Every structure is written in structure tokens, then in C-alpha cells.
Amino acid sequence: MKILVVNCGSSSLKYQLIDMDNESVIAKGLCERIGIEGSKLTHQPAGKDKYELESPMPDHKVAIQLVMDALQDKDHGVISSVDEISAIGHRVLHGGTTYSESIVVDEDVKRVIRECFDLGPLHNPANLMGIEACEAAMPGKANVAVWDTGFGMAMPEKAYLYAIPHEYYEKYGVRRYGFHGTSHMFVSGEAIKFGGLDPENAKVIVCHLGNGASISASIGGKCVDTSMGLTPLEGLIMGTRSGDLDPAVVQYICNKENRDVNDVLNILNKKSGVLGMSGVSSDFRDIAAAKAEGNHLAEVALDAFIYRVAKYIGAYTAAMNGVDAIAFTAGVGENDKATRKAICSYLGYLGVKIDDAANDVRGKNAVISAADSKVKVMLLPTNEELAIARETKRLTQ
Ligand code: ADP
């Protein structure tokens, strides 16, 4: 059974064709600059040379057709006919309060994706375009929506409601949703399997630390709390996002700089985080290099990033009245042993002990805590595409 996984952004389309018999990636690729001049397809078939094509892509329909052509090409293709694709799984950002479980797309699902355009203005329209493009290119095949907000929908009211007048939740769905849900679902599940934990009761904290960063607490794989909110801006300090801050900061900067709220929100999303704090870069490797050269603000940005993660781990341990395992994932979490160690240095009170030799690892499943650590600490690479493919298989088999 082969499943195509599609992740559409406003001007991009990422895809992976996965053979579910052995969960291997047969081909993957990316369409860039859709709807903009200079559109380009990069297609990487497993075990063959990379293929690049510059060709106009006025919309996602044209892009998906070029992907279909690449997948079936006699030289760089991997299938002889579209019939080999059983179903298509889509990453969809927002299902609002209506959908949390993955679902086969029908007209009602599309209506809800459309209704959530306001909640996910950059992603939901693109996600819908991707679904409609696949429907046009592969009529009759099932498309499955896997919601990035799905995992967070299990949070109890005390965790998801903001302390603002309740009418805003009732009228507009203003609540905490959480994002990176597919990653938190996948990694918390892996933590239970790889860590040999009790599937029903394991208390797991997942630290998804990449350019976007979020953290979740789950019991038996069910989300108790997660750090992103109505939008991905809340929570941890990120590459370019501020994470938590006093909302009065927005008003204060608006007044001082004669800017409007949208301007300042743009600053908080795109120019803040470790980029804004350090003035160096949003890339954690650049910041670590600047710190090594004695750049004080780079050092503070890294320290603040680590401190915020450690504070959330403390809060989530309290929320669950304990923690059995802490898992690190995504770009920083999978590759940066110094940051993992620095975060864990705050957790001695939980009995966390890191084994330096075991922590000297990148990009593969590993237990990095010492044998006598009271909490199991793990590195578990995330794989959102595989998680989407598994959900698609489950719903369409
Ligand atoms: P996103 O998917 O949110 O764009 P990723 O999960 O791909 O982000 O993570 C990207 C981040 O991972 C970059 O900021 C990069 O600096 C960081 N990263 C990758 N490798 C390393 C490394 N060896 N050390 C520190 N940071 C790293």
C-alpha cells in the first residue's frame, strides 16, 4: 500500500510517497514559489538522482500535476501509474472546535477547513487548495485530513480556556488549541514504545524544539496541556516568535512607535524570539557560534530559550503530578546535545540525570539519561509525514 503525504503552504507543496508495507519513503520532494515567478520542483526518488524542474506553477493544481508526472516519469519516477497510490494524507493546520480526529475528507470537512480560514489564515486556505488539487488530479481516491490542532483538542477546559470573558470562546472559538499536534502525537507514542512505558498511564513531556518550538504534557498519549495557544505564537521562545509575554507589551509598542496591532504581531511572529533577542540569526547554530565568540546577547538568547523550556517542564510536571519520560525532538532537540544537557541541568530536583556519553547522539532514537535517573530522558526524532501516512492507512484500509 502506497500513500502520498501532502503538506501545502501558501506558496509551497511538500510531498512524500511512503510504502506502508515497510514504512519506507519511496520519493519525496518540494514545489516552491507556487503562484510566484520562478516556480521550481525538486524531486528526490529513493536510490536515484535528484531531479529538478523549473516550470510555471500558477496554482497548487498545476504543482500537484507536476508531482504526479515526476512520480510516474520513466527516468526519475517510482510508480508506473497513479493507481498504485492508495490514498492521500494531508497535513491540515486547523480543524477549529469541530474536528480533532483525523478524517476522510468530504464536503463537511472542506466546509470546516474553510470556516477556520480566520484561525489559520496562512495555512488553511493552502491546505484546502492542496486537497482540491489532489481531488482533481486523482479523482475517486480518498483524501485524509490530519489536523495539526488535533492532539491539543484533548486538553481539559482548565488548560484550554483563557481567562477572558467566556463569550469570546462561545462566539469566536477563542481558546488554546496547540499546534505541532502530529509531532507531539507521534513522539509521545514513540516515547511509550521505545521507553517501554505503560501505554495507559505514562506521563510524558515532549519538547519539540525547532525553529518553531512547543512542548506538550500527555498521560497515556492523551494531551493534558501544550504550550502553543490560539496561534503558534504562545509558549516557548522560538527562532523568530516571542512566545509568552504580557499582552500589554503590544499596546505599549503601538503607542511608542505609532504602529498598529498587526505590525506589532508581525514583529512578535517574525522578528522576535532568539533572532530578536540576539540580533544575530533565527538559526540556533549561528547563535551558538556567536555565543562562542563572546556575543553577550547571543548568550542571553540561548539561556532564555533553555530557561523557558525548563520552566515549562516544571509546570507540566506539576500539571501531571509527576513525569515518567521527557523526550526531545525536532531540529534543535534532535541535534544539539549541549542544549539538551543545559535544559536537563535545571531538572536535578526531579532526579533527572543525563549520561554524557549516551547524550552524544544525533537524529536517532536513544535514551540519554543515566541508568539511575528517576525520569527517562530520550531523543526521539519526529516524523510527521509517517504519522500522517499511518493515520491515512488506518482510515482507508
Ligand atoms: P522547523 O521545522 O520549525 O523549521 P526544524 O525542526 O527543522 O524547524 O529545526 C530547525 C532548527 O534546528 C534551526 O534553527 C537549526 O539551527 C536547528 N539545528 C539543526 N541542527 C542543529 C545543531 N546541530 N545544533 C543546533 N541547532 C541545530
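All values below come from the heavy atoms of this structure, side chains included, with hydrogens, waters and symmetry mates left out. Worth saying up front: this structure is predicted, and the values here are computed from it rather than measured. When a ligand or atom number is given, it counts from 1 through the structure's own listing order.
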Trainee: Enumerate the atoms of ligand 1 whose separation from the nearest heavy atom of F284 is less than 4.0 angstrom.
Mentor: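 So the atoms of ligand 1 that pass are 14 (O), 16 (O), 26 (N).
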
Trainee: Parallel, tilted or perpendicular: which fits the ring planes of Y168 and Y172, with parallel below 30° and perpendicular above 60°?
Mentor: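 If you compare the ring of Y168 with that of Y172, the planes turn out parallel.
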
Trainee: Do D244 and Y312 pair up side chain to side chain, a donor and an acceptor below 3.5 Å, judged on atom types alone?
Mentor: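 Distance-only check passes for D244 and Y312.
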
Trainee: Would you kindly specify which portion of S282 sits under 4.0 Å from ligand 1, judged on non-hydrogen atoms: side chain, backbone, both or neither?
Mentor: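 Backbone only.
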
Trainee: In terms of relative ring orientation, are H184 and H208 parallel, tilted or perpendicular, with 30° and 60° separating the classes?
Mentor: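 Geometry flag for H208 against H184: tilted rings.
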
Trainee: Can you find a protein heavy atom under 4.0 Å from atom 4 (O) of ligand 1?
Mentor: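 Flag for atom 4 (O) of ligand 1 set to true, protein heavy atom closer than 4.0 Å.
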
Trainee: In terms of atom number and element, which parts of ligand 1 are under 4.0 angstrom from non-hydrogen atoms of A330?
Mentor: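 Selected atoms, number and element: 6 (O).
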
Trainee: Got an N/O contact under 3.5 Å between G210 and ligand 1?
Mentor: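 No, no N or O pair falls under 3.5 Å.
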
Trainee: In terms of the angle between their ring planes, are Y99 and W147 parallel, tilted or perpendicular, with boundaries placed at 30° and 60°?
Mentor: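 Ring orientation, 0 to 90° scale: parallel.
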
Trainee: Can you tell which of H208, R285, K337, E384 gets a heavy atom nearest to atom 26 (N) of ligand 1?
Mentor: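 The option holding the nearest heavy atom is R285.
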
Trainee: Just to confirm my output: which protein heavy-atom neighbour is closest to atom 16 (O) of ligand 1, and how far is it?
Mentor: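 Of the protein heavy atoms, D283 OD1, 2.4 Å lies nearest.
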
Trainee: Using a 4.0 Å cutoff against the non-hydrogen atoms of D336, which atoms of ligand 1 qualify?
Mentor: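 In order of number, 24 (N), 25 (C).
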
Trainee: Look at atom 18 (N) of ligand 1 and say which protein heavy atom is nearest, naming residue and atom and giving the distance to 0.1 Å.
Mentor: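 Among all protein heavy atoms, the one nearest atom 18 (N) of ligand 1 is G331 O, 3.7 Å.
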
Trainee: For atom 10 (C) of ligand 1, what's the nearest protein heavy atom and its distance?
Mentor: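 Looking only at protein heavy atoms, the one closest to atom 10 (C) of ligand 1 is N211 N, 3.7 Å.
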
Trainee: Could you list which atoms of ligand 1 come closer than 4.0 Å to a heavy atom of G212?
Mentor: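 Atoms satisfying the 4.0 Å criterion: 3 (O).
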
Trainee: Nearest to atom 23 (N) of ligand 1, what protein heavy atom do you find, and at what distance?
Mentor: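 Here the closest protein heavy atom is N335 CB, 3.4 Å.
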
Trainee: Cation-pi between R308 and F305: NZ/CZ under 6.0 Å from ring centre and within 45° of the ring axis?
Mentor: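 No, a cation-pi geometry is absent between R308 and F305.
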
Trainee: Any side-chain heavy atom of L302 sitting closer than 4.5 Å to one from F284?
Mentor: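 Heavy-atom side-chain distance check passes, below 4.5 Å.
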
Trainee: Just jot down the ligand 1 atoms closer than 4.0 angstrom to any heavy atom of R362, in number order.
Mentor: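 So the atoms of ligand 1 that pass are 23 (N).
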
Trainee: D360 and salt bridge (Lys or Arg N to Asp or Glu O under 4.0 Å): which partner among R340, K341, K337?
Mentor: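 The option that passes is K337.
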
Trainee: Identify whether NZ of Lys or CZ of Arg in R175 sits under 6.0 Å from the centre of the six-membered ring of Y160 and within 45° of that ring's axis.
Mentor: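 Ring-cation test returns yes.
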
Trainee: Got the closest protein heavy atom to atom 17 (C) of ligand 1, with its distance?
Mentor: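 The protein heavy atom lying closest is V332 CG2, 3.7 Å.
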
Trainee: Hey, do the aromatic rings of H94 and F179 have their centres closer than 6.0 Å?
Mentor: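 Between H94 and F179, the centre distance is under 6.0 Å.
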
